[in-house]
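In what follows, a structure is listed as structure tokens, so that the remarks can point back to it.
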There are 2 protein chains.
Amino acid sequence: MNENINNKLNAKSIKPTAMRQLVLHVLAEQKSAVSMQELEQKFEKADKVTLYRTLKTFEEKKLIHSIDDGTGSIKYALCRESCQCRPEELHVHFYCTECKQTYCLNDIPIPSVNLPVHFTLENINMVVKGICANCI
Amino acid sequence: MNENINNKLNAKSIKPTAMRQLVLHVLAEQKSAVSMQELEQKFEKADKVTLYRTLKTFEEKKLIHSIDDGTGSIKYALCRESCQCRPEELHVHFYCTECKQTYCLNDIPIPSVNLPVHFTLENINMVVKGICANCI
DNA sequence: AAGTTGATGCAATTGAGTTGCAAAGTTGTT
DNA sequence: AACAACTTTGCAACTCAATTGCATCAACTT
């Protein structure tokens, strides 16, 4: 397990410090995307700023991606193996207004959009709001 | 012109106060979606909170819609005539990373998404980032 | 004119995100 | 082992948008 964690960090050329192992471990357990605040609460003692910078590093190295689900706090979730976070690889996110959880709909790619002429595409954020299967 | 403004307010059953007429007037002039801060600067003297509440009212009454474009400040834009802000009516938004403007792509409806079973849909936010035609 | 309701303006608070800086830890070199 | 060079961590403090409380003001009702 620890092997696995270190492998993932190494694969993205992130130095495997204790903190980073811990954060990655917790992230890997989540079924939904989590905010910095939620993560913070999952540790006994955790410095907000270290967490913040850890997440930034993870995101830069494309180990995780962030989702702005419109709730005011950004959520983070693990990327899939070998993800490059390119527009074609992105998936839809779902925010449940009942349980307030944000889920990666990994199997639902973001549909392509025909932009007006001379518009270039870099990135897409698509968040669907509604009620998830568990809350109906 | 003033007639027009009052008609729009009345049509959505919003009491046409001076402030609201003014804000609606300025909103109608915009080519892109604007933040509260940007709006504030367009007035000589404007109280942030009044503006805030005016926008809230407008949004509740579906005179405007808000866009969370991921920049950290919410943008507002007029809805089209007779818009109910239902999922089928929503359009894609475009954030230009060059000019930092957020545009309503009114002619591009949000593509439909096949959600997993038992997920219900209430709303969709779709923001495409890239470079707009003016900035290329 | 008094009373009720809604709108406005100021002050102050919240809450997420961010920066600065010094201490602690890591790595590589002699 | 000792040193320098670099990275990571932790605390304090700050920024900035959004929001709330409360008192005042305007408009409409009886």
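Fair warning: this is a prediction, and the values are worked out from it, not measured in the lab. By convention in this document, chain letters (A, B, ...) are assigned in the order of the sequence lines, proteins followed by strands, and residues within each chain are numbered from 1.
- With sequence neighbours left out, A/Arg80 forms a salt bridge (charged side-chain N to carboxylate O under 4.0 Å, His left out) with A/Asp107.
- Within the structure, every side-chain polar atom (N or O) of B/Thr17 is placed at least 4.0 Å from both OP1 and OP2 of D/dA27.
- Taking a 6.0 Å sphere around CG of B/Asn114, one finds it holds 12 or fewer heavy atoms contributed by other residues, nucleotides or ligands.
- Contact of B/Arg20 with C/dG6 (side chain to base): no donor-acceptor pair of N or O atoms is detected under 3.5 Å.
- Straight-line distance from the CG atom of A/Leu51 to the P atom of C/dA16: 13 Å, rounded to whole Å.
- Other residues, nucleotides and ligands contribute only 12 or fewer heavy atoms inside 6.0 Å of the CD atom of B/Glu81.
- For the pair A/Tyr52 and C/dT18, the criterion of a side-chain N or O lying under 4.0 Å from OP1 or OP2 is met.
- Residue A/Ser73 is classed as a sugar-phosphate contact, given heavy-atom separations below 4.0 Å to backbone atoms only.
- Across the protein-nucleic acid pair, B/Ile14 atom CD1 and C/dT5 atom C1' stand 18 Å apart, rounded to whole Å.
- Nucleotide C/dC10 holds its C1' atom 13 Å from the CD atom of B/Glu40, rounded to whole Å.
- Donor-acceptor pairing under 3.5 Å, judged by distance alone, is present between the side chain of A/Arg53 and the base of D/dG10.
- For the segment residues 54-71 of chain A, the set of residues with a heavy atom within less than 4.0 Å of an atom of DNA chain D is empty.
- Closest-nucleotide positions on DNA chain C for B/Val49 and A/Ser35 were compared, and the one nearer the 5' end corresponds to B/Val49.
- Among the protein residues, A/Thr50 comes within range of the nucleic acid bases, having at least one heavy atom under 4.0 Å from a base atom.
- When side chains are defined from C-beta on, B/Cys104 counts as touching B/His93, because their heavy atoms get closer than 4.5 Å.
- For the pair B/Leu22 CG and C/dG9 P, the interatomic distance rounds to 11 Å; values are reported in whole Å.
- A straight line from CG of A/Asp47 to P of D/dT9 spans 10 Å, rounded to a whole angstrom.
- Rounding to whole angstrom units, NZ of residue B/Lys48 and P of D/dT15 are separated by 15 Å.
- Whole-Å rounding puts the A/Glu38 CD to C/dG17 P distance at 11 Å.
- Atom CD1 in B/Ile74 sits about 14 Å away from atom P in C/dA16, given to the nearest Å.
- Ring pair A/Phe119/B/Phe94 is perpendicular by interplanar angle, where above 60° counts as perpendicular and below 30° as parallel.
- When side chains are defined from C-beta on, B/Arg20 counts as touching B/Ile14, because their heavy atoms get closer than 4.5 Å.
- Side-chain N/O atoms of B/Ser35 and B/Glu38 include a donor and acceptor closer than 3.5 Å.
- Within the 4.0 angstrom heavy-atom criterion, only backbone atoms of the sugar-phosphate kind lie near A/Lys15; the bases stay farther away.
- Candidate nucleotides C/dT18, C/dT8, D/dC11 were compared by shortest atom distance to the side chain of B/Met19, and C/dT8 ranks first.
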